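Because the structure is a prediction, the values reported are computed rather than measured. Every chain is numbered from 1 and lettered A, B, ... according to where its sequence line falls, protein lines coming before strand lines.
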Protein chains: 2
Amino acid sequence: MSGPGRATPHASSKATVLDVIRAAGVISRVGLIGATGFTGATISTVVRRLIDEGLVVETGRAESTGGKRRVLLQLNHSARYAVGVHLDHAGNTYVLTNLGGAVVARILRPGVADPAAVVGQVADSVSALVEGVGIERELVLGVGVVSPGAPGADVEGLVGELRRAVGLPVAADNDATAAALGEHWSGGIGGTATSAALCMGTRLGAGLVIGGITYRGNGGDAGEIGHVSVDALGPVCWCGGRGCLEVMAGPAAVVAEAGEAPSLARELKGGSVAADFAAVARAARRGEAAALGLLERSARCVAVAARSLANLMDLEVLVLTGPGFAVAGSVYLPVIREELGRAVVGRGSGGVDVRLSRSASTAPAIGAAALVLQAELVPLTQGLRLPENLAAAEPAALAPGV
Amino acid sequence: MSGPGRATPHASSKATVLDVIRAAGVISRVGLIGATGFTGATISTVVRRLIDEGLVVETGRAESTGGKRRVLLQLNHSARYAVGVHLDHAGNTYVLTNLGGAVVARILRPGVADPAAVVGQVADSVSALVEGVGIERELVLGVGVVSPGAPGADVEGLVGELRRAVGLPVAADNDATAAALGEHWSGGIGGTATSAALCMGTRLGAGLVIGGITYRGNGGDAGEIGHVSVDALGPVCWCGGRGCLEVMAGPAAVVAEAGEAPSLARELKGGSVAADFAAVARAARRGEAAALGLLERSARCVAVAARSLANLMDLEVLVLTGPGFAVAGSVYLPVIREELGRAVVGRGSGGVDVRLSRSASTAPAIGAAALVLQAELVPLTQGLRLPENLAAAEPAALAPGV
């Protein structure tokens, strides 16, 4: 009874139809009537407008089912683009995606600490992506920027500066939320699934997606799995709580423990938590017992917190993503799968599908681009919030022709 | 950008307008245009239909703001009713609520284990409520039934039998989810708030409400806070996990520990977990140190799990409700408040507002009635699911005149 099927023709009808076409891949006008509940006249009008704007193209005819063969529609993937930026101390990832969320170009740049240098690097990289692919800048809907921190006051200033420097709408979010959205767009998670992405980069966070919409909570801080306690009497975390996952088993905790293990300390360069964590993961892959032991202990704590998340949210899918799982996912995946396979309460569901992302290192950047695409493609009637700073961008640039 | 304001005129326009009127209390047609985004013509048509159906009444005029004084509209609270049933081993609570969710009659009955006896008791009680208040049975939209178990296959059979015995649509859910909805309807939690109700009865569960809609997850099992681990190395729970809140600190754990304390064992009658838990709470209120110690230890574990929930969901409001908190809330409230005040990560929000319900013992039953009212009043476009078994009831009976 939920989802776009019940939305109705109005300002959001274009977005609803676009999102149904995106999710379906190819679909006929009759299929759109069935999927949206709109009248034939409405579908006819909206589709004509989408074709006129170049967002949708006709792509042949369906097999005959007895009557006239139906014209099939699909997104015009090269009609619009978005840039996604994942800022991390360990390195910055830039992607240019098309309207369907597929990556058409990617740039890796070193991490920079100075905000002015960030603005300069982003502006240069956006230009390099657009010119490298040879598309017109007018086709870029905007830039999504994500980082390990949750959105807050310090981010707003950066967003404003980026908007001026780049000349495009800018959306910001935390990397875990974006990674979850990126998995939803690029990973084939169904439109109505309740899914979470555990994202390990510099921090350990979770992004939650409910029916295709990122869930952000009251103040934009949902998914703080790093501050789920796995030991009520454990060590005190900087947040004031005891036994938080971050202090027990996060990347920084793993790196700190590695620094005290004689066989591992020499692997660490001290450049960034993410780089040192990757060094521990490489040592584990080479079969070094101390490294493997550290990661397995971390994995058991992460698994317990993931079970708490699964029991609270009744998840269908849990994706392990982000640079940390890109290098150490093979250790974490079986431990988390075992815990969630054995001890999740949900009876209505068939258990939680735990997966390692196929694009773990770029999922946050893809999700950053999806933040921008979603504002164009997903109806705003579904009751969950888009990032507020995206709403501050000029609507004309975000949704041309509405 | 979310909520009813972006919904649009179609099959759900009546429900949208009704929900806005319910949430506003009183509102003018011009106010409805602003709140819904519908055109004046649509509002005019929908309001006329609602008045014709008797669901809405005109209730005077607003203060003049210079022009013509606007006619104010409000729900006709006595136009429809719903029955809410909270089945619990410790006793069954029946409420009859009006269209606004206010309780107009209440009956308490003993708990019964035999399903046939449950059906008979529910049928008798519904008749007793309707006849006691002297309303026509046709005005009752349906019966909501909630119990400590999550909805599942075993509940479906009961729902079918109840529907035949009572002759009304029947909705079923777990008591924690219903309690959260009941708090939302009766407790003045704002329409866009992300709130959770911790519900303690025979079990300890959480119900989640996002923007006025109960969140159920993939299989209807969301909110299983009893299986959030507070000790990764703790004792094994029946679910297979370690250190689950239920096994560490739930009502049954408190009662079991009380049974081993010489000063408390004599208080326990062994009739039901909820009754014995209430006996421990009474002993604590009398100042018995052993009882108080048990409850405080439970409260510390509950607080740690509540912090995990708050960090994952980024909650605005947490309400302690259900029969367990009705008797022991004064012990739990300060401990949970302290933990959530000290150690929640959310920076975008102003902290979590932790409250003890004003109707803790009846909130699950009120929520059960709200399940039925919500199907009438809340648009189904908002992307979160209503209980599927309610959808199976005849739509004509649920939404007369649509």
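Side chains of B/Thr42 and B/Thr39: a donor on one and an acceptor on the other come within 3.5 Å. Defined by atom type and a distance below 3.5 Å, a donor-acceptor pair is missing between the side-chain atoms of B/Thr177 and B/Tyr215.
Contact record, B/Cys199 with B/Asp175: SG-O, 4.1 Å, taken as the closest heavy-atom pair. Nearest approach of B/Ala299 to B/Ile336, heavy atoms of both residues: O-CG1, 4.4 Å.
With a 4.5 angstrom heavy-atom cutoff, B/Leu208 touches chain A only via side-chain atoms. Contacts of A/Cys301 with chain B are absent, with no heavy-atom separation under 4.5 Å from either backbone or side chain. Neither the backbone nor the side chain of B/Arg300 comes within contact range of chain A; no heavy atoms are under 4.5 Å apart.
Counting heavy-atom pairs closer than 4.5 Å to chain B, the top-ranked of the candidates A/Met248, A/Glu339, A/Arg307, A/Arg242 is A/Arg307. Chain B forms more heavy-atom pairs under 4.5 Å with one residue of A/Ala196, A/Gly243, A/Gly240 than with any other, namely A/Gly240.
Between B/Arg216 and B/Asp221 no salt bridge is recorded (no basic side-chain N to carboxylate O distance below 4.0 Å).
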